[in-house]
Amino acid sequence: MSKKNGIEALSRRAFLASAATVGASAIAAPAFAQSALDTLINAPRRGNWDDQFDAKAASRTATAMVSNTPILGPQSVASAQQAIMQYQQIAAAGGWPEVNPGDQRLQLGVSSPAVQALRQRLAITGDLPREAGLSNAFDSYVDGAVKRFQARHGLPADGVLGEFTLKAMNIPADVRLQQLNTNIVRLQTFPEDLGRRHLMVNIPAAYVEAVEDGSVATRHTAVVGRLSRPTHLVNSKIYEVILNPYWTAPRSIVEKDIMPLMRKDPTYLEKNAIRLLDGKGNEVAPETIDWNGEAPNLMFRQDPGKTNAMASTKINFYNKNGEYMHDTPQQGLFNKLMRFESSGCVRVQNVRDLSNWLLRETPGWNRQQMEQVIATGVNTPVKLATEVPVYFVYISAWGMPDGIVQFRDDIYQMDGNAELALDTTAGMEQPVQ
């Protein structure tokens with residue numbers, strides 16, 4: 001398609017056909033039938049800013065993307081099949097127009113011919129309601145639709161077409177269809193019964209779901225492994241929560257991170273309460289080590305405390321990679337656009353809520369007891385009375401029973417198309433200027 005004019009690239013007829021074939025699966029509520037299309041096309045062309053600023057409604061639209069239905073469950077494959085049918089119809093009808101704002105920043109209050117292509121793009125996937133019309137005005141209908149789109153793609157729902165929002169919006173329909181087809185194969189590998197209580201870590205979405213009796217009991221933002229040090233896929237069981245954990249640096253971190261830091265600052269270990277221990281548990285003085293040579297064959301163990309890399313909590317599960325879930329003193333990482341920062345382990349926001357859920361069926365452990373122990377600063381391992389299954393998965397596209405389709409950045413480049421790796425790990429999303 002021409003980048004100069006997304007409206008011309010998609011004719012009125014192609015737009016009508018594409019939106020009509022989406023049907024009920026494109027919108028979570030009524031069918032987007034021909035009468036609805038007529039309403040959309042013939043709606044008053046907006047431009048007067050009178051009743052169009054319902055900010056609360058726009059926010060609710062984005063919030064509605066969150067569901068208590070888990071990604072993995074009895075309905076997962078059927079929901080993915082429904083999503084595939086929807087995107088097959090969209091792709092067969094010609095896809096959607098390219099949104100090209102040029103040098104203009106598209107956001108609430110702007111009037112521009114580029115907004116018509118944006119409205120078409122959002123209407124085809126059911127993000128824009130039919131009563132919104134096809135004017136040049138970026139009104140609250142469009143604001144809410146952009147926020148809905150952003151929420152479905154794991155982007156900050158701010159209503160502004162920034163760099164990554166625009167990249168995600170302009171990925172062709174056939175590429176999104178391919179992504180869904182790739183991911184349904186992954187979904188089909190899981191049994192319907194994953195356990196009455198279980199945890200799922202979805203790496204591309206960088207979040208954790210604690211599931212109980214078929215419903216998400218608590219959901220947590222996470223930080224997972226970067227591309228060069230990925231978090232591994234695993235089906236395992238959580239067997240232990242450690243309060244006030246020691247942190248033992250993996251060999252890779254000692255070699256790649258700590259050794260260079262010690263060359264720059266010989267007091268780094270002392271500042272961070274990291275002790276060197278030999279095979280017999282004896283402490284070794286850092287000044288006896290040649291930090292310009294190879295990494296010593298010693299244990300690098302950090303004491304519990306505020307500077308500890310795992311902060312208050314470590315969650316252990318069986319795996320051969322030495323990975324685990326944990327708290328972090330760097331809470332600001334959870335506010336980043338994309339959270340692929342770790343060396344393989346998973347940092348969990350509000351991890352004490354998750355720990356409380358994990359320990360709920362372990363006698364003698366409630367939230368108050370857990371907080372009292374954390375306050376002491378004493379290393380305290382707690383074995384779960386019943387081990388909880390945990391699934392580390394790579395699901396970058398999925399459907400939900402309500403018809404909402406979710407997509408995420410293909411961070412580990414496993415989906416077979418370079419367009420799906422948006423390079424969102426480069427930093428915070430910047431507005432298109």
Side-chain angles (χ1 to χ4, degrees), residues 1-20 22 26-27 32-62 90 93-153 155-173 429-433:
M1 292 186 183
S2 168
K3 291 189 176 181
K4 292 184 178 180
N5 197 329
I7 301 174
E8 293 177 358
L10 186 75
S11 68
R12 175 186 172 91
R13 178 177 297 178
F15 168 65
L16 289 171
S18 181
V22 170
I27 296 182
F32 199 13
Q34 188 62 50
S35 60
L37 286 170
D38 291 338
T39 302
L40 177 67
I41 300 300
N42 297 319
R45 294 189 176 274
R46 312 288 180 182
N48 297 319
W49 311 104
D50 49 359
D51 62 343
Q52 301 308 309
F53 294 95
D54 186 356
K56 291 183 178 179
S59 297
R60 287 194 298 270
T61 301
I90 292 174
W96 43 67
E98 181 173 307
V99 180
N100 180 27
D103 295 330
Q104 188 170 25
R105 185 177 181 182
L106 297 186
Q107 60 184 355
L108 190 64
V110 168
S111 181
S112 167
V115 176
Q116 282 203 37
L118 174 62
R119 285 175 177 261
Q120 290 182 359
R121 168 66 183 88
L122 294 168
I124 286 171
T125 45
D127 294 302
L128 184 71
R130 62 194 185 204
E131 64 267 23
L134 287 176
S135 77
N136 292 345
F138 197 123
D139 57 19
S140 65
Y141 283 106
V142 180
D143 181 59
V146 171
K147 288 177 178 177
R148 185 184 192 274
F149 175 90
Q150 289 170 326
R152 290 196 303 110
H153 291 75
L155 297 165
D158 56 12
V160 178
L161 263 71
E163 175 188 358
F164 300 123
T165 300
L166 199 59
K167 282 183 178 180
M169 202 167 279
N170 284 331
I171 290 177
E429 182 172 33
Q430 299 298 320
V432 176
Q433 300 292 348

Check: If you look at every heavy atom in Leu128 and Ala123, which pair is closest and at what distance?
Finding: CB-N, 3.8 Å

Notebook entry, point to check: Just by distance, do the side chain of Arg119 and the backbone of Val142 share a donor-acceptor pair under 3.5 Å?
Noted result: no

Check: How many angstroms lie between CZ in Phe164 and NE2 in His153, if you round to the nearest 0.5 Å?
Finding: 14.5 Å

Note to self: Ignoring hydrogens, what is the shortest heavy-atom contact between Leu106 and Leu118? Give both atom names and the distance.
What the structure shows: CD1-CD2, 4.4 Å

Checklist line | Residue pair Phe138 / Gly159: nearest heavy atoms and the distance that separates them | finding: CZ-O, 3.4 Å

Note to self: Testing the basics here: between Asp127 and Arg148, what is the closest heavy-atom pair and its distance to 0.1 Å?
What the structure shows: OD1-NH1, 2.6 Å

Checklist line | Separation between CG of Asn136 and CG of Asp139, rounded to the nearest 0.5 Å | finding: 11.0 Å

Margin query: One pair to check against side-chain contact (heavy atoms from CB on, under 4.5 Å): Asp158 and Gln150. What are the steps and the verdict?
Written below: CA-CA 8 Å; Asp158 56 12; Gln150 289 170 326; 3.0 Å; yes

Note to self: I need the minimum non-hydrogen distance between Ala145 and Leu122, along with the two atoms involved.
What the structure shows: CB-CD1, 3.7 Å

Margin query: Test your reading of the model: is there a side-chain donor-acceptor pair from Arg121 to the backbone of Met169, 3.5 Å cut-off?
Written below: yes

Margin query: So which atom in Ile124 and which in Pro97 form the shortest heavy-atom distance, rounded to 0.1 Å?
Written below: CD1-CD, 4.0 Å

Margin query: Determine whether Gln104 and Leu161 satisfy the following criterion, side-chain contact (heavy atoms from CB on, under 4.5 Å), listing intermediate values before the conclusion.
Written below: CA-CA 10 Å; Gln104 188 170 25; Leu161 263 71; over 6 Å; no

Margin query: Please determine whether side-chain contact (heavy atoms from CB on, under 4.5 Å) holds for the pair Val160 and Thr165, giving the CA-CA distance in whole Å, both sets of side-chain angles, and the decisive distance to 0.1 Å.
Written below: CA-CA 8 Å; Val160 178; Thr165 300; over 6 Å; no

Next item on the list: Taking Trp96 for its side chain and Asn170 for its backbone only, find out whether a donor-acceptor pair lies under 3.5 Å.
Entry: no

